[in-house]
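Taking it in order: structure first as C-alpha cells, then the write-up.
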Amino acid sequence: MEDMRGLKRTHHCGALRLEHAGQEVVLMGWVQRRRDHGGLIFIDLRDRSGIVQVVFSPDLSREAFRKAETVRGEYVLAVVGRVEKRPEGTENPHLATGQIDVRAREVRILNRAKTPPFYIEDGVDVDENVRLRYRYLDLRRPEMQRALILRHRAAQATREFLSRHGFLEIETPMLTRSTPEGARDFLVPSRLNPGCFYALPQSPQLFKQILMVAGLERYFQIVRCFRDEDLRADRQPEFTQIDLEMSFIDIDDILDLTEEMVAYICRETAGEEVPRPFPRLSYQEAMERFGTDKPDIRFGLEIKDVTDLAAGCGFKVFASAVAAGGKVKGINAKGCGSFSRREIDELVSFATANKAKGLAYFVVESEGVKSPITKFFTEKEIGAIAGRLEAEAGDLLLFVADRPDVTAFALSALRLHLGERLGLIPEKGLQFVWILDFPLLEYDETERRYVAMHHPFTSPREEDLPLLESDPGAVRAKAYDLVLNGVEVGGGSIRIHRRDVQEKMFAAIGLSPEEARDKFGFLLEAFEYGTPPHGGIAFGFDRLVMLLAGKKTIRDVIAFPKTQSATDLMSRAPDRVAPAQLRELHIKLDVK
RNA sequence: GGAGCUGUGGUGUAGUCGGUUAACAUACCGGCCUGUCAAGCCGGAGAUCGCGGGUUCAAGUCCCGUCAGCUCCGCCA
C-alpha cells in the first residue's frame, strides 16, 4: 500500500476529452473494471465525475504494469499519465471519455478492497437488504450519486430563490415539546429533568408562526421532521421539508410565490419547464372527479356520478345504497370491453380489496349493453347511465355503490390501477395541481367530535365564519395542498391571527379555553402581543426530489434511509443501550 | 394491528408430481493472451436451500411456526 505524497489530483476522470490530449494528468479514483490482456492491461478508473480508461503497458512503465497486474475491482488508485487520442478504431462511443485514454507512467495503490457483494453500476437488481447493509457501496453507483447531486441542486435552488425573495433561513429546535394531535412523537428523555421528555419536531409549525409574531416576516428552512408512524415507499420516520411562512399575505400570494419557486426548482434540477399557473381544483371537485384529494390528472378515466339515475332502478344493490345515503359512481374503462371474464374478475377483486362490497359492470357493444345485471334496468336507465359515462362500443363501465367515502376510495384506487394497466400514465413530465377549499373540520366517528382537518390554527374563509357554530362541517379552510403526479408534495394554510376566531375554532373542536391554554399556551400567549396576518406552506423535499429524479421510493433519494420496520441495516440502529445510560435517564424498561 | 409478495454458492436466478450428484449465468481464484471496453480461451474453488419444528422410507419442494426485506390497508393534524 502506498500513499499519495507528492501527488496532487489535476483532473477528474469523467472530465477528460480530446482537448486534453498530450497533457500529463494525475487522477484519483476507484477501479471499475480491469481487463488484463497479458501484455497489456486496461483499467477503467471511476470517480464522482465518471469513468476513463487507463492503459498499462510494459513499454510505458514496467513497474506500473506489474502493479496493475495485482489490482482488483474497487481498489483505490492514484494514476500519473499522459492523455492520448485513442488509436483509430478503438474509440468507445458509449463512454463520454471514449475518444481518449490515459497512458500510465506511474500508479500507486492507495488502498485495496474486498470483492463487493454487488456490481457498482446502474440498474443493479439486488435485494434491498444487501444494498442497505452496504449503503456506502450502493451510493458509489452513478445513479445514486446522480440522485444525491440532484437533491443538492434542489436544495441550492430553494435557498437561492427564497433568499432572493427576502426569506431568512432560521433554525428551530430539534429538542422541543410534545404537543397533542397529529402524528406520534419521537421522545427524547431529559437527564437534567427526571421523568420529562423532549419531542423531536413533527414540523416547525409553532415556531415558524412565532417567528411571524416576532416580526421576521419571511422565514424558511430546509428542515428535518420526525413522525413515529408506519412507513411507506414515500414515508420515512425522519424526512425533510422545505418549510416557509410569510406575514401580511393571503392565499394567492403564497400560491403564486411557491409556484414560481417549484417551477424554478424543476428547471434547475430536471431541466423541466412546467407551465404556470398550475391548475387548481377544489377539494370537492377533486373528490367528485378523482375520488381523492391527491389526484393524478395526467390521464382521464374520471369518475362519474350516476346516483340520480340509479336511485329508482330495479337493481337492489344500487337502489338500497342510494336509499341509505350512499352514492353510485362509475368509471368508463375505455376500450376494455374486450376484457375476458377472468380479467374482469381481477378488477372485481381489486375493488373489493379496496373496501368496495362489489363491482358492477356493463360491457358496451354496438348492439347494446351486456352484463349479468342488465335485466334489473330499463332500456332508458341503461341509456342514461351509458350516456353519462360517454360510453361507446368497446368500452367497459365499472360501478361501485356504497357510502360516499367508500365509493370514492375504491374508484380512485381502481382508476389508478387501470391507468397503470392500460399504460395511460406518461413516463415523463411533471403535472402539478393545487387542491383548494379543504373543509376546515371533519367529523371523527370514534371521538364523536369535529377535528381539524389540517391543524387547529388554520383560518376559515371569512365568508364561512358564521357557519362555524351552525354547520361546522361546511366551513371551508384557507388551506391548500400541492399535488405532483398524484403525490402530495406540499400543504399549508393561512393561519388564524385573531383571538376571537381562534376561540371559536377551539370551541368547534370541543376544546375548552383552559385545555387550549394547557396544550398550546406559549403560542396563544404569543398571539396576544400583536400577531400579523400570516400563512405558510411546507413541501415534502424527499418526495419532490424523488419525482424529479424519476424514482419510485424516497429511499432512493435519501443517503441513509431506514427499512419499513424503521431500522438502519448499516449502523444497526436502533439498539439496546447500557443499563448505566438508562439509570442516568431514570428509565426502567418493561420489555418482554 | 392486518393482507400480499420475496428469501437457494458473493450476486441474480432454475430446480417439474417429494426421489438420492442442487443446475445456470455472473463475480471470485489460477493459467494463457499487446487494443480491450460486459475482453476472450482453459482450469478451479465456492451452498447448513432465511431459521425452527412437523409429515414421510425420503423435503429446496408439502404442512405449521418464526425472522428479514418489500408493497399495501389501518395510521401519518
Side-chain angles (χ1 to χ4, degrees), chain A residues 32-45 51-60 65 69 72-74 84 86-95 97-98 101 103 114-121 123-134 137 179-185 202-203 205-206 225-237 239 349-350 352-355 409-410 413 416-417 438 440-442 444 446-447 450-458 477 479 488 491-493 505 509 519-520 538 540 552-553 555 561-567 569:
Chain A
Q32 178 70 30
R33 205 164 243 120
R34 186 183 68 119
R35 291 177 294 281
D36 187 343
H37 287 235
L40 192 67
I41 297 168
F42 300 97
I43 286 177
D44 292 337
L45 196 66
I51 286 175
V52 71
Q53 176 168 274
V54 182
V55 185
F56 294 84
S57 160
D59 306 341
L60 290 159
F65 181 80
E69 285 182 310
R72 294 296 180 267
E74 299 309 309
E84 299 283 2
R86 291 203 191 181
E88 198 72 28
T90 64
E91 302 89 353
N92 184 349
H94 304 296
L95 217 55
T97 58
D101 52 26
R103 315 287 162 89
K114 288 167 72 172
T115 302
F118 51 86
Y119 304 112
I120 310 299
E121 63 188 26
V124 289
D125 180 22
V126 196
D127 195 302
E128 200 161 346
N129 256 323
V130 182
R131 287 177 55 201
L132 289 174
R133 163 126 200 262
Y134 300 95
L137 296 178
T179 50
E181 311 217 19
R184 197 175 292 114
D185 283 321
Q202 295 179 27
S203 85
Q205 185 60 36
L206 302 184
C225 302
F226 305 86
R227 294 179 191 175
D228 188 6
E229 298 291 349
D230 285 357
L231 286 74
R232 291 285 189 282
D234 61 354
R235 274 163 38 186
Q236 283 273 304
F239 62 101
S349 60
F350 181 87
T352 52
N354 283 281
K355 301 185 188 176
F409 187 90
L416 281 177
H417 178 71
F438 280 85
L440 184 69
L441 303 161
E442 60 187 340
D444 187 315
T446 51
E447 297 202 30
Y450 281 97
V451 296
M453 193 154 175
H454 188 57
H455 62 58
F457 305 102
T458 298
E488 185 196 322
S493 64
M505 176 69 176
I509 61 172
K519 290 179 171 178
F520 300 107
K552 287 199 163 54
T553 159
R555 293 189 300 279
K562 289 181 177 58
T563 65
Q564 197 163 51
S565 47
T567 63
L569 294 180

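The figures here come from the full heavy-atom set of this structure, side chains too, leaving out hydrogens, waters and symmetry mates. Within every chain, numbering begins at 1; the chains are lettered A, B, ... in the order of the sequence lines, protein sequences first and strands thereafter.
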Next item on the list: Between A/R72 and A/R103, name the one whose nearest nucleotide on RNA chain B is closer to the 5' end.
Entry: A/R72
Distances for protein N/O vs nucleotides 42-50 of chain B N/O pairs under 3.5 angstrom?
none

Check: Taking the same atom, P, in B/G46 and in B/C29, what whole-Å distance lies between them?
Finding: 16 Å
Check: Where does the angle between the aromatic ring planes of A/F457 and A/F520 fall among parallel (under 30°), tilted (30 to 60°) and perpendicular (over 60°)?
Finding: perpendicular
Find every protein N or O atom lying less than 3.5 Å from an N or O atom of nucleotides 36-41 of chain B, and list the pairs.
from	atom 1	to	atom 2	distance (Å)
B/U36	O4'	A/H37	NE2	3.4
B/U36	O2'	A/H37	NE2	3.4
B/U36	O2	A/R35	NE	2.7
B/U36	O2	A/R35	NH2	3.2
B/U36	O2	A/Q53	OE1	3.2
B/U36	N3	A/Q53	OE1	2.7
B/U36	N3	A/Q53	NE2	2.9
B/U36	O4	A/Q53	NE2	2.7
B/U36	O4	A/R86	NH1	3.0
B/C37	O4'	A/R35	NE	3.1
B/C37	O2	A/Q53	OE1	3.3
B/C37	O2	A/N92	ND2	3.2
B/C37	N3	A/R86	NH1	2.6
B/C37	N4	A/R86	NH1	3.0
B/C37	N4	A/T90	O	2.3
B/A39	OP1	A/R33	NE	3.1
B/A39	OP2	A/R33	NE	3.4
B/A39	OP2	A/R35	NH1	3.3
B/A39	N6	A/D36	O	3.0

Notebook entry, point to check: Would A/Q53 and A/N92 satisfy side-chain contact (heavy atoms from CB on, under 4.5 Å), going step by step from the backbone distance to the final call?
Noted result: CA-CA 10 Å; A/Q53 176 168 274; A/N92 184 349; over 6 Å; no
Next item on the list: Please work out if A/T567 contacts a base, only the sugar-phosphate, or nothing of the nucleic acid, heavy-atom cut-off 4.0 Å.
Entry: sugar-phosphate
Check: Checking all strands, does A/D59 fall into the base, sugar-phosphate, or nothing category for heavy-atom contacts under 4.0 angstrom?
Finding: base
Note to self: Could you tell me how far apart A/I43 (CD1) and B/G35 (P) are, to the nearest whole angstrom?
What the structure shows: 17 Å
Item checked: Counter-base of B/G7, judged by Watson-Crick or G-U geometry with both distances under 3.5 Å -> B/C67
Item checked: Test item: A/R72 and A/T115 side chains (from C-beta on) under 4.5 Å apart, heavy atoms -> no
Notebook entry, point to check: So which nucleotide does B/U16 pair with, by the Watson-Crick or G-U wobble rule with both distances under 3.5 Å?
Noted result: none
Notebook entry, point to check: With rounding to whole Å, what would you report as the distance between B/U6 and B/G10 at their P atoms?
Noted result: 22 Å
Checklist line | Whole-angstrom distance between B/G52 and B/A59, as gauged at atom P | finding: 15 Å
Next item on the list: Ignoring hydrogens and angles, state whether a donor on the side chain of A/Q202 or A/D185 is under 3.5 Å from an acceptor on the partner side chain.
Entry: yes
Note to self: Check this one for me: any side-chain N or O of A/S565 less than 4.0 Å away from OP1 or OP2 of B/A68?
What the structure shows: no
Checklist line | Approximate separation, where rounding is to 0.5 Å, of A/Q32 CD and A/E121 CD | finding: 7.0 Å
Notebook entry, point to check: Say you pick atom P in B/C24 and the same atom in B/G30; how far apart are they, in whole Å?
Noted result: 23 Å
Margin query: With a 4.0 Å cut-off on N to O distance, would you call A/R86 and A/E91 a salt bridge?
Written below: no
Item checked: Toward the 5' end of RNA chain B, by each residue's nearest nucleotide, A/L569 or A/Q202 -> A/L569
Margin query: Pairing check on B/A22: which nucleotide meets the Watson-Crick or G-U wobble criteria with it, both distances under 3.5 Å?
Written below: none
Item checked: Span that lies between the C1' atom of B/G15 and that of B/U20, in whole angstrom -> 15 Å
Next item on the list: In whole angstrom, give the distance that lies between atom CZ of A/R131 and atom C1' of B/G12.
Entry: 14 Å
Notebook entry, point to check: Short question: side chain of A/S565, backbone of A/T567 - any donor-acceptor pair under 3.5 Å?
Noted result: no
Next item on the list: Could you work out the separation of B/C72 and B/A27 based on their P atoms and round it to a whole Å?
Entry: 35 Å
Notebook entry, point to check: Less than 4.5 Å apart, any side-chain heavy atom of A/M453 and any of A/T458?
Noted result: no
Notebook entry, point to check: Taking atom P in both B/U13 and B/G50, what distance in whole Å separates the two?
Noted result: 13 Å
Check: Over how many whole Å does the gap from A/I41 atom CD1 to B/C33 atom P extend?
Finding: 12 Å
Checklist line | Main-chain N/O of A/I41 paired with A/R34 side-chain donor or acceptor, under 3.5 Å | finding: no
Next item on the list: Provide the Watson-Crick or G-U wobble partner of B/G40, both distances under 3.5 Å; none if there is no partner.
Entry: B/C32
Next item on the list: Name the nucleic acid region contacted by A/E121, choosing base, sugar-phosphate or nothing; use a 4.0 angstrom heavy-atom cut-off, strictly under.
Entry: nothing
So which protein nitrogen or oxygen atoms get under 3.5 Å of nucleotides 4-11 of chain B's nitrogens or oxygens?
from	atom 1	to	atom 2	distance (Å)
B/U11	O4'	A/P117	O	3.1

List every contact pair, protein side and nucleotides 71-75 of chain B side both N or O, where the distance is under 3.5 Å.
from	atom 1	to	atom 2	distance (Å)
B/U71	OP1	A/R555	NH1	3.1
B/U71	OP1	A/R555	NH2	2.9
B/U71	OP2	A/R555	NH1	3.4
B/U71	O4	A/Q564	OE1	3.2
B/C72	OP2	A/A233	N	3.3
B/C73	OP2	A/R232	NE	2.9
B/G74	OP1	A/K355	NZ	3.2
B/G74	N7	A/R232	NH2	2.8
B/G74	O6	A/R232	NH1	2.9
B/G74	O6	A/R232	NH2	3.1
B/G74	N1	A/D230	OD2	2.6
B/G74	N2	A/D230	OD2	3.3
B/C75	O2'	A/E229	OE1	2.6
B/C75	O2	A/R235	NH2	3.0
B/C75	N3	A/R235	NH1	3.1
B/C75	N3	A/R235	NH2	2.8
B/C75	N4	A/R232	NH2	3.3
B/C75	N4	A/R235	NH1	3.1

Note to self: Looking at A/R184, is its backbone amide N or carbonyl O close enough to the side chain of A/E229 to form a donor-acceptor pair, meaning the two atoms are under 3.5 Å apart?
What the structure shows: yes
Check: Are A/V54 and A/F42 close enough that some pair of their side-chain heavy atoms sits under 4.5 Å apart?
Finding: no
Margin query: Once ring pair (Phe, Tyr, Trp, His ring centres under 6.0 Å) is applied, do any residues pair with A/F56, and if so which ones, sequence neighbours excluded?
Written below: none
Margin query: Do A/R227 and A/R235 make a side-chain contact, defined as non-hydrogen atoms from C-beta onward lying under 4.5 Å apart?
Written below: no
Next item on the list: Keeping the roles fixed (side chain from A/T553, backbone from A/A233), state whether a donor-acceptor pair exists under 3.5 Å.
Entry: yes
Item checked: Same-atom distance (P) from B/U21 to B/C32, integer angstrom -> 37 Å
Check: Who pairs with A/R35 by salt bridge (Lys or Arg N to Asp or Glu O under 4.0 Å), at least two apart in sequence or on another chain?
Finding: A/D44
Checklist line | salt_bridge(A/E74, A/K114) N-O dist < 4.0 Å | finding: no
Notebook entry, point to check: Whom does B/C62 pair with, Watson-Crick or G-U wobble, provided both distances fall under 3.5 Å?
Noted result: B/G54
